[in-house]
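Read the structure below first, then the notes.
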Amino acid sequence: MQTVSENLAFGGLQGVYTHASDACACDMTFGLFLPEIAQAGPVPVLWYLSGLTCTHENAMVKAGAQAFAARHGMAVVFPDTSPRGPHVADDPAYDLGQGAGFYVDATQEPWAANYGMWDYVSDELPTLLNEHFAVDPTRQSITGHSMGGHGALTLAMGLPGRFASVSAFAPIANPTASDWGRKQLTAYLGKDEAAWAAHDATLLIRARGFDGPVLVDQGGKDQFLDLLKPESLSHAMAARRQAGIFRMQPGYDHSYFFVATFMGDHMAFHAQALGL
């Protein structure tokens with residue numbers, strides 16, 4: 001592992017690190033904020049998964065999470081959204097290939113060689129963090145935006161007992177019924193739709209739910225509402241009687257201005273679930 005940069009922020013340390021990944025068969029980069037209290041011992045960790053076209057850097061710079069993380073005494077990790085490099089398969093479209101890993105382990109060519117994002121986020125990167133940084137693997141929560149909201153919800157339900165809480169900003173809520181989903185799931189996982197169900201938050205809520213609190217914020221003027229399908233997730237939460245809150249925020253769009261506006265609420269939500 002190599003240190004790309006480390007900057008003091010709100011008394012803590014915002015780092016960026018690169019390492020060789022077995023899951024993605026390339027070098028991967030991630031950001032990690034450690035609050036000052038981490039100097040005294042391991043702290044709870046919040047995972048933030050970013051959306052289409054993003055790298056580790058977008059949320060790290062734009063979401064404003066560090067001030068709240070420092071206040072609550074939690075780490076925040078910002079993984080990249082896909083494998084990268086000249087030998088990594090890509091596509092001319094912005095919503096497939098590099099920058100659009102969709103947090104799945106691809107089984108189809110040419111993606112299978114590198115696109116192991118589920119294993120990367122669920123296993124490889126947590127192991128690396130536990131070995132090298134003062135994070136507590138027994139106290140974790142997860143959040144994300146758009147494609148990252150999809151990833152946060154599916155990982156939380158797909159890994160029972162791992163996360164104390166899950167939240168999402170404008171998640172791709174029902175990808176098996178959306179062009180933001182059907183295209184990518186077909187490319188990465190093949191045409192058998194049975195293989196897609198484990199990566200659809202609406203279907204997972206209906207089938208099993210999440211054993212903990214859920215918070216979802218959706219902008220009422222989001223330009224991608226028809227692709228995100230928030231109503232499907234909201235109806236599934238209500239039908240399941242899932243412990244959680246779904247909030248439609250009037251006037252807000254899909255941008256990081258929306259994310260930054262409600263980041264404090266999400267950080268407080270996770271801090272409470274983590275006992276902070």
Side-chain angles (χ1 to χ4, degrees), residues 10 12 14 30-35 37-38 41-51 56 58-60 63-81 103 117-118 120-130 133-173 201 204-205 208-218 233 237 242-247 259-276:
F10 301 98
Q14 175 62 65
F30 67 94
L32 176 67
F33 175 77
L34 288 171
I37 196 173
V43 296
V45 58
L46 176 67
W47 291 79
Y48 184 102
L49 305 185
S50 290
H56 68 281
N58 295 71
M60 189 181 80
Q66 292 88 345
F68 301 108
R71 183 182 308 166
H72 294 297
M74 70 172 73
V76 185
V77 58
F78 306 93
D80 203 347
T81 55
Y103 304 101
M117 288 303 296
W118 179 280
Y120 179 70
V121 173
S122 68
D123 183 30
E124 186 176 32
L125 187 53
T127 298
L128 187 75
L129 295 181
N130 297 340
F133 300 98
V135 297
D136 184 350
T138 69
R139 301 171 72 191
Q140 300 185 68
S141 291
I142 191 166
T143 188
H145 173 229
S146 193
M147 180 185 73
H150 141 80
L153 290 164
T154 57
L155 280 155
M157 287 183 278
L159 301 170
R162 171 77 65 90
F163 301 105
S165 51
V166 59
S167 72
F169 301 86
I172 301 175
L204 288 171
I205 286 281
R208 67 180 73 166
F210 176 67
D211 188 19
V214 178
L215 173 62
V216 177
D217 274 314
Q218 172 62 62
L233 181 62
M237 289 175 65
Q242 170 67 49
I245 301 169
F246 182 99
R247 306 191 301 191
V259 174
T261 297
F262 299 102
M263 179 56 71
D265 288 357
H266 284 243
M267 298 292 284
F269 166 79
H270 292 297
Q272 182 177 18
L274 292 165
L276 297 172

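Here the structure is a predicted model, which means the values were calculated and not measured.
Atoms CG and CG, on Asp80 and Asn58 in that order, are 9.0 Å from each other to the nearest 0.5 Å. Interatomic distance, Leu233 CG to Ile172 CD1, rounded to the nearest 0.5 Å: 12.5 Å. Atom OG of residue Ser141 and atom CG of residue Leu215 lie 11.5 Å apart, to the nearest 0.5 angstrom. The distance from atom CD of Gln242 to atom CZ of Phe210, rounded to the nearest 0.5 Å, is 8.0 Å. In this structure, CE in Met60 is found 10.5 Å from CG in Leu32, a value given to the nearest 0.5 Å. Expressed to the nearest 0.5 Å, how far CZ of Phe163 lies from CG of Leu46 amounts to 9.5 Å.
Across all non-hydrogen atoms, the minimal contact from Thr143 to Ser167 is OG1-OG, 2.7 Å. Across every non-hydrogen atom of Leu159 and Ser122, the tightest pair is CD1-CB, 3.7 Å. Heavy atoms only, all atoms of each residue included: Met263 and Tyr48 are closest at CE-CE1, 3.7 Å. The shortest non-hydrogen separation linking Arg139 to Leu274 is NH2-O, 2.7 Å. Pro171 and Gly149 get closest at one heavy-atom pair: CB-C, 3.7 Å. The two atoms that bring Leu34 and Ala134 nearest to each other are CD2-O, 4.1 Å, heavy atoms only.
Contact check for Pro160 versus Asp211: no side-chain heavy atoms found under the 4.5 Å cut-off. Taking 4.5 Å as the limit, some side-chain heavy atom of Trp47 sits within range of a side-chain heavy atom of Pro126. At a threshold of 4.5 Å between non-hydrogen side-chain atoms, the residues Trp118 and Leu155 count as touching. Contact of the Phe30 side chain with the Leu128 side chain is registered, since non-hydrogen atoms from C-beta on lie closer than 4.5 Å. Side-chain contact between Asp265 and Arg247 is present, with at least one heavy-atom pair separated by less than 4.5 Å. Put simply, the side chain of Ile142 reaches to within 4.5 Å of the side chain of Leu49, judged on heavy atoms. Contact check for Asn130 versus Val135: side-chain heavy atoms found under the 4.5 Å cut-off.
Not counting sequence neighbours, His270 has no partner by the ring-ring contact (aromatic ring centres under 6.0 Å, His included) test. In this structure, the ring-ring contact (aromatic ring centres under 6.0 Å, His included) partners of Tyr120, at least two apart in sequence or on a different chain, are His19.
Sorted by first and then second residue, the pairs that involve residues 64-73 and meet side chain to side chain donor-acceptor pair (under 3.5 Å), not counting sequence neighbours, are Gln14-Gln66.
The aromatic rings of Phe169 and His266 sit parallel to each other, their planes meeting at less than 30°, with 60° as the upper class boundary.
A distance-only check finds no donor-acceptor pair linking the side chain of Gln140 to the backbone of Arg162 [under 3.5 Å].
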